[in-house]
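Every value quoted in this text rests on a predicted model; they were computed, and no experiment measured them. The basis for the numbers below is simple: all heavy atoms, side chains too, and nothing from hydrogens, waters or symmetry mates.
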Amino acid sequence: MILSRTVAIVTGGSSGLGAATASFLVRNGGRVIVADLGHQYDSFLKMAETLGVTVDTSEVTREGPGLAFAETDVTDPFMVEAALDFVEQRFGEPVNAAISCAGIAIARKTLSKKGAHPLDEFAKTMMVNTVGSFNVARLAAERMSRREPEGEDGLRGCIINTASIAAFEGQIGQVAYAASKGGVVGMTLPMARDLAP
């Protein structure tokens with residue numbers, strides 16, 4: 001992909017790996033919607049200030065770098081759809097890159113002196129890290145399918161899921177995180193096979 005022609009949604013894009021990814025794309029001429037939780041908006045504004053990019057959303061940005069924020073819970077299909085709608089409103093075309101960096105990591109043993117691992121914490125980690133990544137990928141793929149194919153490979157878009165070595169070598173206290181990242185690893189190849197045509 002040519003980065004200057006990238007129209008991306010980056011989840012968890014206000015901090016950490018997501019912010020680094022969004023910043024890299026914008027610095028190389030890409031147009032990016034940061035899809036993150038509302039309390040991350042101040043971090044997003046600091047990133048935009050560092051990049052020297054305006055976040056005014058009153059005009060469509062069809063060329064050159066662009067950056068905007070969409071409050072999004074990746075586990076909510078309606079919020080993800082709204083973020084993808086916003087991409088098209090802001091940049092005048094559907095996404096051609098969906099990069100899932102949103103994630104949570106808790107440190108909790110399966111059994112400790114405090115008792116058994118709380119099931120709700122395990123389930124939440126799976127929902128955000130695994131289900132959230134799938135939710136974004138499936139909905140972004142639908143938008144990408146509307147684009148005209150480009151190049152010899154007929155590329156319409158690129159989906160990047162973020163995993164971790166914990167998917168294979170989880171440490172003590174990483175049972176929920178490792179399981180969630182194992183799920184991301186496990187779904188990526190069949191997803192690629194599903195979407196290749």
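Rounding to the nearest 0.5 Å gives a distance of 8.0 Å between OG1 of Thr72 and CG of Asp36. To the nearest 0.5 Å, atom CD1 of residue Ile106 and atom NZ of residue Lys124 are 9.5 Å apart. Between atom CG of residue Asn161 and atom OG1 of residue Thr188 there is a gap of 4.0 Å, rounded to the nearest 0.5 Å. A distance of 11.0 Å separates CD in Glu88 from CD1 in Ile33, rounded to the nearest 0.5 Å.
Environment of CG in Asp153: sparse, with no more than 12 heavy atoms of neighbouring residues, nucleotides or ligands closer than 6.0 Å. Atom CD of Glu63 is surrounded by 12 or fewer heavy atoms from other residues, nucleotides or ligands within 6.0 Å. Counting non-hydrogen atoms of other residues, nucleotides and ligands closer than 6.0 Å to CG of Leu189 gives a total above 12. More than 12 heavy atoms of other shown residues, nucleotides or ligands fall within 6.0 angstrom of atom CZ in Arg147.
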Exercise for review: Just do the side chain to side chain contact (heavy atoms under 4.5 Å, CB included) check on Ile172 and Lys109 with the steps written out, would you?
Suggested key: CA-CA 7 Å; Ile172 291 173; Lys109 291 183 179 180; 3.4 Å; yes

Practice item. Begin with the C-alpha distance, continue with both residues' side-chain angles, and end with the deciding distance and a verdict on side chain to side chain contact (heavy atoms under 4.5 Å, CB included) for Gln174 and Ser164. Key: CA-CA 11 Å; Gln174 283 192 326; Ser164 166; over 6 Å; no

**Study point:** Trace of the side chain to side chain contact (heavy atoms under 4.5 Å, CB included) decision for Val34 with Met47
**Key:** CA-CA 11 Å; Val34 168; Met47 178 181 69; 3.9 Å; yes

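Ring geometry for Phe122 versus His117: interplanar angle over 60°, hence perpendicular rather than tilted (30 to 60°).
The main-chain N or O of Thr162 is found under 3.5 Å from a side-chain atom of Lys181 such that the two form a donor-acceptor pair. Between the side chain of Gln171 and the main chain of Glu169, a donor-acceptor pair closer than 3.5 Å is present. Side-chain atoms of Ser23 do not come within 3.5 Å of backbone N or O of Ala20 as any donor-acceptor pair. Asn96 contributes a side-chain N or O that, together with a main-chain N or O of Val7, makes up a donor-acceptor pair within less than 3.5 Å. Looking at Thr130, its side chain does come within 3.5 Å of a backbone N or O of Ser180 through a donor-acceptor pair. Using a distance-only test at 3.5 Å, with no hydrogens or angles considered, a donor-acceptor pair links the side chain of Arg31 to the main chain of Arg62. Remark: the backbone N or O of Cys101 is paired with a side-chain donor or acceptor of Thr11 at under 3.5 angstrom.
Leu139 and Val136 fall within the same hydrophobic cluster, defined by Ile, Leu, Val, Met, Phe, Trp and Tyr side-chain heavy atoms under 4.5 Å apart, directly or through other members. Transitive grouping of hydrophobic side chains (ILVMFWY, heavy atoms separated by less than 4.5 Å) keeps Leu37 and Ile9 in distinct clusters. In the hydrophobic clustering of ILVMFWY residues, with side-chain heavy atoms under 4.5 Å counting as a link, Met144 and Leu195 come out together. Placement of Met79 and Val95 in two distinct hydrophobic clusters is found when ILVMFWY residues are connected by side-chain heavy-atom separations under 4.5 Å, directly or transitively. Taken together through direct or relayed side-chain contacts under 4.5 Å among Ile, Leu, Val, Met, Phe, Trp and Tyr, Leu84 and Phe134 form part of one hydrophobic cluster.
Here the options are Val32, Leu67, Val26, the test is side-chain contact (heavy atoms from CB on, under 4.5 Å), and the partner is Val10; only Val32 passes.
Of all non-hydrogen atoms in Ser14 and Phe69, the two that sit nearest each other are OG-CE1, 3.6 Å. Closest heavy-atom contact between Asn135 and Thr75: ND2-C, 3.9 Å. The two residues Ala8 and Leu25 come nearest to each other via the heavy atoms CB-CD1, 3.8 Å. Considering all non-hydrogen atoms of both residues, Gly103 and Val128 come closest at CA-CG1, 4.0 Å. Of all non-hydrogen atoms in Pro94 and Val87, the two that sit nearest each other are C-CG1, 4.4 Å. Residue Ala97 comes nearest to Thr6 through the heavy atom pair CB-CG2, 3.8 Å, listed as atom of the first residue, atom of the second, then distance.
Looking only at side-chain heavy atoms (C-beta outward), Met126 and Val131 stay at 4.5 Å or farther from each other. Side-chain contact between Arg27 and Leu51 is present, with heavy atoms from C-beta onward closer than 4.5 Å. Residues Pro77 and Arg138 are in side-chain contact: their nearest non-hydrogen atoms beyond the backbone lie under 4.5 Å apart. Within the 4.5 Å cutoff, side-chain heavy atoms of Asp85 are placed close to those of Arg143.
Salt-bridge annotation for Arg146 and Glu93: absent, with no side-chain N of the basic residue lying under 4.0 Å from a carboxylate O of the acidic one.
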